[in-house]
Amino acid sequence: MIRKVPPWAARLREERRERGWTQREMAKRLADAASGDVRLPERDSLIRRIKDWEAGNHRPKDPYPVLYARVFGLDEADLFEGGHRATPDAVAHSFPASPHRHVAPELVDYFRLQLLSHYAADAFLGPRHLIATVAVQYQSITELAGQADGEVQRELLRLGAGFAAFAGWLCQDAGMTGRAAVWLNANLEMAHRAQDVQLVSHALTNKAMLAADLGDAAAVIGLTAAALSDRGKLMPKTQVLALQQGAHGYALASDRARCDALLDQAAAIIDDIDDDHMWGNACRTPNYVEIQRATCYGRLGLTTDAVVLWDQILPSMPVTARRDIGVFLARQSAALATIPEPERATDAARKAIELLHQTGSIRQRAELAAVSARMGAWVDTAQGREMAEMLAGVT
């Protein structure tokens, strides 16, 4: 008779696999999460425990439940006591069937400030610390939207779209692409329910961004074309976001002419952005269009042009944008590795790895993994062996 694995054991295994971590990587992250609070066994012994826990042979005892919750960015009770995940799937049927009741308009301002705070915290904390909190607040917003009416309901639906989009981004940054897709579907649904043409376009662009990370050029091009289909009604920010994302689709399709054309269109209107919407403000970053162009050129194999742009961009980045700087350094390193400029490539990768340890961004880890594939001309040199050893520790 096959023994049924306890829900908490299956959950531990599922959460680890969704992040693309091996059991050895899980052991490292548990040890890092301990942060000197407690002395854990040596790595191989900890890996054996992880195997036992995921098989349901033994339930983790203190301090491991706390460490697991810290690593996954989840609530300990939710992780081990069989609670439902706070995802759009889990709350899809939570809208109350009761008649409308008064919902205080002040709650709209409360949740708006919460989302703004999450945007700011993301730059410092990385994705795993915020996902659970954002998901629970999304649930509260959807419940309130089901009870409100009129403009309060529409504002709550707009906020729900914002929270779902942000949760999708956090999951995408944490490497959980399947869960990111669920959140981005919720983002699109909430935008439609709010009847907000700007948010619908932005939600399609968000889905295109995930498709770009998955290397699906056709999906990126199709989704961004849909995002721009009613372009006459779109404000400059919405257009810029969709145009630059479409450029990434054409870069993936190896079409430089169309890629540059869309980026040039975005550059021509970016200074016209003057709205006070709190979403999509990444495009207010200095050199935003050139950052996208450098990334696209890397995808197109135009490595020398990409390096010239990264050399201009990176010195202007604010020091608080740690994850973005880490991603850009990894992309610069990949371009330098291709030229090749081994010494500069290794220096850029080293700096990116230092930032990776602070942010935990899986997207940054994926960018670093791409560096290895660009080292063919010098992989067997002393510099190449140093780089390979350095990358092996994180990829």
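Keep in mind that what you see is a predicted model, and the values were worked out from it rather than measured.
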Ring geometry between His118 and Phe163 (parallel below 30°, tilted from 30 to 60°, perpendicular above 60°): perpendicular
Check: Asn187/Lys207 side-chain N/O donor and acceptor closer than 3.5 Å: no
Test log, rule side chain to side chain contact (heavy atoms under 4.5 Å, CB included), inputs Thr142 and Leu157: CA-CA 7 Å; Thr142 58; Leu157 289 169; over 6 Å; no
Donor-acceptor contact present, side-chain Glu341 to main-chain Leu336, <3.5 Å: no
Exceeds 12 heavy-atom contacts within 6.0 angstrom, atom CD of Glu343: no
Glu155/Arg158 ion pair, N-O < 4.0 Å: yes
salt_bridge(Asp274, Lys237) N-O dist < 4.0 Å: no
Residues Arg365 and Glu25 bridged, charged N to O under 4.0 Å: yes
Shortest non-hydrogen contact between Arg374 and Gly298, atoms and distance: NH2-O, 3.7 Å
Under 3.5 Å donor-acceptor, Ser333 side chain and Ala330 backbone: no
Flag for Arg154-Gln195: side-chain donor and acceptor within less than 3.5 Å: no
Worked verdict on Leu355 versus Phe328 for side chain to side chain contact (heavy atoms under 4.5 Å, CB included): CA-CA 11 Å; Leu355 290 167; Phe328 300 162; over 6 Å; no
Distance (rounded to the nearest 0.5 Å) between Ile313 CD1 and Ile325 CD1: 12.0 Å
Lys/Arg N to Asp/Glu carboxylate O, Asp264 vs Arg293, below 4.0 Å: yes
Salt bridge Glu54-Arg11, side-chain N to carboxylate O under 4.0 Å: no
Phe80 backbone acceptor or donor facing Arg59 side chain under 3.5 Å: yes
Side-chain ion pair, Glu389 and Arg385, N-O less than 4.0 Å: no
Interatomic distance, Ile273 atom CD1 to Arg284 atom CZ [nearest 0.5 angstrom]: 6.0 Å
All pairs passing ring pair (Phe, Tyr, Trp, His ring centres under 6.0 Å) where residues 194-245 contributes a residue, at least two apart: His202-Trp279
Nearest non-hydrogen partners of Ala337 and Met375, listed with the distance: CB-CG, 4.2 Å
Atom of Val220, atom of Ala212 and distance for their closest heavy-atom approach: CG2-N, 3.4 Å
Cationic N near anionic O, under 4.0 Å, Arg29 to Asp32: no
Pairing of Asp347 and Lys351 as salt bridge, 4.0 angstrom limit: yes
Gln265 vs Leu262 side-chain heavy atoms within contact, under 4.5 Å: yes
Distance in Å, Leu309 CG paired with Arg331 CZ, rounded so as to fall on 0.5 Å steps: 13.0 Å
Interatomic distance, Thr238 atom OG1 to His277 atom NE2 [nearest 0.5 angstrom]: 7.0 Å
Donor-acceptor contact below 3.5 Å, side chain Thr338 vs main chain Ala334: yes
Arg323 vs Asp122, side chain to side chain contact (heavy atoms under 4.5 Å, CB included): CA-CA, chis, key distance, verdict: CA-CA 9 Å; Arg323 180 184 50 225; Asp122 179 42; 2.6 Å; yes
Within-4.5 Å side-chain heavy-atom neighbours: Met387 and Arg350: no
Ring geometry between Trp53 and Tyr64 (parallel below 30°, tilted from 30 to 60°, perpendicular above 60°): tilted
Minimum side-chain heavy-atom gap Gln312-Glu290 below 4.5 Å: no
Donor-acceptor under 3.5 Å (Ser117 side chain, Leu113 main chain): yes
Check ion pair Arg344-Asp311 (N to O, under 4.0 angstrom): yes
Tyr138 and Trp183 aromatic centres sub-6.0 Å: yes
Verify same cluster id: Phe166, Val327 (apolar side-chain graph, 4.5 Å): no
Note, Leu204 side chain near Thr224 side chain (heavy atom, < 4.5 Å): no
Ion pair Arg112/Asp109, N-O distance below 4.0 Å: yes
pair Ile131-Met176: side-chain heavy atoms closer than 4.5 Å: yes
Transitive ILVMFWY side-chain link Trp169 to Leu214, under 4.5 Å: no
Ile269 side chain reached by Leu243 side chain, heavy atoms, under 4.5 Å: yes
Contact summary for Leu188 and Val200, nearest pair of heavy atoms: CD1-O, 4.0 Å
From CA spacing to verdict: side-chain hydrogen bond (donor to acceptor under 3.5 Å, both in side chains), Tyr68, Glu15: CA-CA 10 Å; Tyr68 261 112; Glu15 293 289 346; over 6 Å; no
Side-chain (Ser201) to main-chain (Gln198) donor-acceptor, under 3.5 angstrom: no
ILVMFWY cluster, Val71 and Val66 together (side-chain gap under 4.5 Å): no
Donor-acceptor pair, side chain of Gln244 and main chain of Leu241, under 3.5 angstrom: yes
Enclosure of Arg256 CZ (heavy-atom neighbours >12, cutoff 6.0 Å): yes
Shortest non-hydrogen separation from Cys296 to Cys259 and the atoms involved: CB-SG, 3.6 Å
Gln245 and Leu223, any side-chain heavy atoms less than 4.5 Å apart: no
Point-to-point distance, once rounded to the nearest 0.5 Å, from CD1 of Ile353 to CE of Met390: 4.5 Å
Within one Ile-Leu-Val-Met-Phe-Trp-Tyr cluster: Met209 and Leu234, side-chain cutoff 4.5 Å: yes
Main-chain N/O of Trp21 paired to Arg16 side chain as donor or acceptor, under 3.5 Å: yes
Any donor-acceptor N/O pair, Asp216 side chain to Ala219 backbone, under 3.5 Å: yes
Just distance, no hydrogens or angles: give the donor-acceptor pairs under 3.5 Å from side chains in residues 299-307, sequence neighbours left out.
from	atom 1	to	atom 2	distance (Å)
Arg299	NH1	His248	ND1	2.8

ILVMFWY network linking Met278 to Leu170, side-chain heavy atoms under 4.5 angstrom: yes
Steps toward side chain to side chain contact (heavy atoms under 4.5 Å, CB included) verdict (Ser140, Phe111): CA-CA 10 Å; Ser140 297; Phe111 283 111; 4.0 Å; yes
Rounded distance (nearest 0.5 Å) linking atom CG of Leu12 with atom CZ of Arg17: 12.0 Å
Heavy-atom side-chain proximity of Met317 to Ile291 below 4.5 angstrom: yes
